[in-house]
Amino acid sequence: DAKTTQPNSMESNEEEPVHLPCNHSTISGTDYIHWYRQLPSQGPEYVIHGLTSNVNNRMASLAIAEDRKSSTLILHRATLRDAAVYYCILRDDPGYSSASKIIFGSGTRLSIRP
Amino acid sequence: NAGVTQTPKFRILKIGQSMTLQCAQDMNHNYMYWYRQDPGMGLKLIYYSVGAGITDKGEVPNGYNVSRSTTEDFPLRLELAAPSQTSVYFCASSYGGGMNMNTEAFFGQGTRLTVV
């Protein structure tokens with residue numbers, strides 16, 4: 001399985017944008033880039049995913065490099081509730097059997113300063 | 001919809017005891033997963049299932065067993081509990097469909113297990 005590399009921790013100020021990077025230099029053409037986050041004492045929750053084009057939803061934006069070897073999760077205006085561990089995960093095209101696994105790395109622990 | 005429901009929320013086991021962690025989902029998802037998360041660490045995949053009657057090992061399957069007799073339920077069995085199995089266990093489900101389907105995974109709230 002292709003691996004992802006994320007910084008162990010990041011800090012940001014409340015109400016400012018946050019850019020969380022993820023490197024995935026061995027990504028394959030059929031890998032989707034998924035982001036999940038885990039709030040304290042809770043199960044992970046889905047944030048966003050994409051394949052090649054940048055994606056936006058109500059929670060965040062996902063910027064994918066043209067060569068797909070890296071991506072950035074963007075929180076446009078961080079709140080204290082966004083303090084969590086953010087995981088960048090590669091998932092294969094659901095048509096392939098390997099897509100059934102979701103393997104988590106160590107993630108980035110995001111702290112938000114009031 | 002209830003989503004993914006895990007029971008119990010907390011449990012203390014003695015070494016050598018066995019138990020079953022229950023997981024049920026009401027979203028008609030074909031894929032289901034079990035993870036464990038040790039304190040301060042990331043999630044490790046124990047077992048997963050792509051549909052009723054089909055299960056496969058994940059990263060850390062030793063000491064656990066699973067079964068998937070229905071689409072809705074995916075119980076995790078611990079035989080001969082050991083202190084190393086003290087952890088928080090998360091169950092998740094997702095749809096594994098075509099290329100353009102939304103395959104986000106939904107997680108339960110976890111079962112906190114202590115083996116003493």
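The sequence lines fix the lettering, A, B, ..., with proteins before strands; numbering per chain opens at 1. Remember, it's a predicted structure, so these values are computed and weren't measured experimentally.
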Undergrad: How close do A:I112 and A:N13 get, heavy atom to heavy atom, and via which atoms?
TA: CG2-C, 4.1 Å
Undergrad: Would a line drawn from the ring center of A:Y36 to the ring center of A:Y87 be shorter than 6.0 Å?
TA: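 For A:Y36 and A:Y87, the ring centres are not under 6.0 Å apart.
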Undergrad: Give the minimum heavy-atom separation between B:Q85 and B:L80, together with the two atoms involved.
TA: OE1-O, 4.0 Å
Undergrad: Mind ranking A:P44, A:G105, A:G43 by heavy-atom pairs under 4.5 Å with chain B and telling me who comes out on top?
TA: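 Top option by heavy-atom pairs under 4.5 Å: A:P44.
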Undergrad: Which one of B:R112, B:E59, B:Q6, B:K44 has the most heavy-atom pairs closer than 4.5 Å to chain A?
TA: B:E59
Undergrad: Considering non-hydrogen atoms only, spot the tightest contact between A:V55 and A:G50 and give its length.
TA: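 Smallest interatomic distance, heavy atoms only, reads CG2-CA, 3.9 Å.
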Undergrad: Is B:Y35 close to chain A through its backbone or its side chain, or both, or neither, when contacts mean heavy atoms under 4.5 Å?
TA: side chain
Undergrad: Can we say A:R68 and A:D31 salt-bridge, meaning some charged N sits less than 4.0 Å from an Asp/Glu carboxylate O?
TA: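 Here A:R68 does not pair with A:D31 in a salt bridge, since their nearest N and O are not under 4.0 Å apart.
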Undergrad: Looking at chain A, which one of B:A105, B:G42, B:G110 has the largest number of heavy-atom pairs inside 4.5 Å, strictly under?
TA: B:A105
Undergrad: Considering only heavy atoms, which portion of B:Q37 lies under 4.5 Å from any heavy atom of chain A: side chain, backbone, both, or neither?
TA: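 Just its side chain gets close to chain A.
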